[in-house]
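The basis for the numbers below is simple: all heavy atoms, side chains too, and nothing from hydrogens, waters or symmetry mates. Please read these numbers as outputs of a predicted model, since none were measured by experiment. Each chain gets a letter, A, B and so on, in the order its sequence line appears, and its residues count up from 1.
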Amino acid sequence: MATPMLVTDAELAALDDLPGRGGRWAVDGVELSVTNLDKVLFPAVPVAPVEASAGGGGGGRPEVTKRDLLRYLATVSGAMIPYFAGRPCNMVRHPNGTDEHGFWAKAAPKNAPGWMTQWPNEDAAKDETRWYVVVDRPATLLSMGNLAAVEYHPWTSSCARSQEPDWALIDLDPGPDTTWDQVILLAKLHQTALEHLDLRAGLKVTGKRGIQIWIPIEAGLAFSDTLAWVEKLSLMVGQLVPDIVSWAWTKADRSGKARLDYTQNIRNKTLVGPFSPRAASGGPVSVTLTWDELDDADLAPDRWTIHTLPARLAEVGDPMADLIGLQQQLPAI
DNA sequence: GAGGCAG
DNA sequence: CTGCCTCAACGCATC
DNA sequence: GATGCG
C-alpha cells in the first residue's frame, strides 16, 4: 500500500531554500516559476477558549503558507495523481487565501507551459470551457498550486470516454442537525448494502463535514444510469433511518436532516478528489479510509490537514489505491 | 495570480 | 500605467 | 422562465 514518491528529498529541500518572494524551482524535470512562498493561503484555526473543542478538527491548527501547500502537493502527488491522470480536473483557486473570495477554474491557464497536458472538450458550447487541465504529473499539480489552486476535483469519467463514468459516487451530506455519529451510521448502512451486492467501494472523509463512498465501475453506462442506480440504493438505505434523512429539495423543508446526494453522478460534476486540500482555515484535506476506521473514536471529517496528512500517508498509505481502475458492474437493485 | 480591458 | 474585472455551468425541482 | 440546490 506504499505510495511512490514522485518528488525527491533534494527537490523538496530546494523548495525550502527558496526566498519568500520565490524563484525558479527545478522539480519533476521542469523549471517551475514559483512566487509569494510565505503568503498565508489557509489561516490558522485559533485554540478554542476553554474546552469547547467541538469534535474532530477542533482548534489550534497552524496556518498554511503557499510553500506548505506546494510541499504537501509534492509529497502526496504519488498517491493523488493516480486518481487524476487521464481525466479533466476542475479546481478552486484562492489567490488571497481561503478567507477571501475564491473562484472555480476549469480552463487551463492562458500561456500554460507546453508540458502541461490539456484535454479539449468537444462537447463544450461556444461560450463554455474547452481546454481542461489534466493533472498527470507533479509539475502540473505544483504549477496550479502556485496559482493558488487549493481544491482539486477530478471528473468521474476519463477524457477518452467523457460521457461514461468509471466511478459511481455516494455523497453523505450532513444537514445542520446531523451528528457525526449519524454520518457514521449512514456510511455503515451503505457498507452493508454494498457488501450484500458484492461490490467493492472506497471510503473517504471530505475534509469538511461529510463522507463520500466511491464505487469503481467499468466505463460504459451513461451518467443517467449511475445516477438512477445510486438514487435507488440511497432510497433503500434512507428508508431504514427516515428520522435522520430527508428527501426534501429545499433546505428549509429538510429540517436539518442529512441528504443522500445522488445528483453528484453527472458529467463535469465537481467533487473533491482524494488528498485534495479543502478551502478552509487550517488546510483540512480529503482522506481515504479503511472501512474499519469508521469505528475509530478519533475519526472526524476534517481530522487531517496539509500539515498532518503526510505522516499518515507514510504510515498507512492509501487504503483506496487498489480500487483505482477496478471494472465492476453495477448489479440490478 | 494573471491576463484583458477601460480609463 | 493603473485599477478593475474575470476566472464554471448540470440537471432536476419548485415557484 | 427564473431560481434554488448540490
Would you mind checking if A:D322 and A:R200 are paired as a salt bridge, meaning a charged N to carboxylate O distance below 4.0 Å?
yes

Salt-bridge present (A:R93, A:E151; N to O < 4.0 Å)
no

When the distance from CH2 of A:W104 to C1' of C:dC10 is rounded to whole Å, what number comes out?
13 Å

Taking side chain as C-beta onward, heavy atoms only, is A:W167 less than 4.5 Å from A:L271?
no

A:N96 CG - C:dC5 P separation (whole Å)
15 Å

Go through the side-chain N and O atoms of A:D261 and A:T263 and say whether any donor and acceptor fall under 3.5 Å apart.
yes

Take A:L6 and A:D28 through the test side-chain contact (heavy atoms from CB on, under 4.5 Å) and record every step on the way to the result.
CA-CA 8 Å; A:L6 301 182; A:D28 188 26; over 6 Å; no

At a heavy-atom distance below 4.0 Å, what parts of residues 130-149 of chain A sit against DNA chain B?
A:N146, A:L147

A:R312 with A:E293: basic N within carboxylate O range, under 4.0 Å
yes

Do A:Q191 and A:L194 have side chains that get closer than 4.5 Å, going by heavy atoms?
no

Using a cut-off of under 3.5 Å, enumerate the N/O to N/O pairs linking the protein to nucleotides 3-6 of chain D.
unit_1: D:dG4; atom_1: N2; unit_2: A:W249; atom_2: NE1; d: 2.7
unit_1: D:dG4; atom_1: N3; unit_2: A:W249; atom_2: NE1; d: 3.3
unit_1: D:dG6; atom_1: OP1; unit_2: A:R254; atom_2: NH1; d: 2.7
unit_1: D:dG6; atom_1: OP2; unit_2: A:K251; atom_2: NZ; d: 3.2
unit_1: D:dG6; atom_1: O3'; unit_2: A:D261; atom_2: OD2; d: 3.2

C:dC7 P sits how many Å from A:H94 NE2, rounded?
16 Å

Mind checking if A:N90 touches a base, just sugar-phosphate, or nothing, with heavy atoms under 4.0 Å?
nothing

Nearest-Å distance, CH2 (A:W247) to P (C:dC12)?
17 Å

A:M91 CE to C:dA9 P, straight-line distance once rounded to whole Å:
13 Å

Interatomic distance at P, C:dA8 relative to B:dC5, whole Å:
15 Å

Ring of A:W155, cation from A:R267 - is the NZ or CZ under 6.0 Å from the centre and inside 45° of the axis?
no

CZ (A:F42) and CZ (A:R61) are apart, to the nearest 0.5 Å, by 12.0 Å

Taking the inter-plane angle between the rings of A:F84 and A:Y152 on a 0 to 90° scale, is it parallel (under 30°), tilted (30 to 60°) or perpendicular (over 60°)?
perpendicular

What range of DNA chain B does chain A touch, first nucleotide to last, counting atoms under 4.0 Å from its heavy atoms?
B:dG1 to B:dG3

Taking only the P atom of each, what is the distance from C:dC7 to D:dC5 in whole angstrom?
23 Å

Considering every strand and a 4.0 Å limit on heavy-atom distances, what is the contact class for A:K106: base, sugar-phosphate, or nothing?
base

Is it true that A:D318 and A:K204 have a side-chain N and a carboxylate O under 4.0 angstrom from each other?
no

Using atom CG of A:D127 as one end and atom C1' of C:dA8 as the other, report the distance to the nearest whole Å.
11 Å

For A:H153, answer base if it contacts any base atom (sugar-phosphate contacts may also be present), sugar-phosphate if it contacts only those atoms, and nothing otherwise; contact means non-hydrogen atoms under 4.0 Å.
nothing

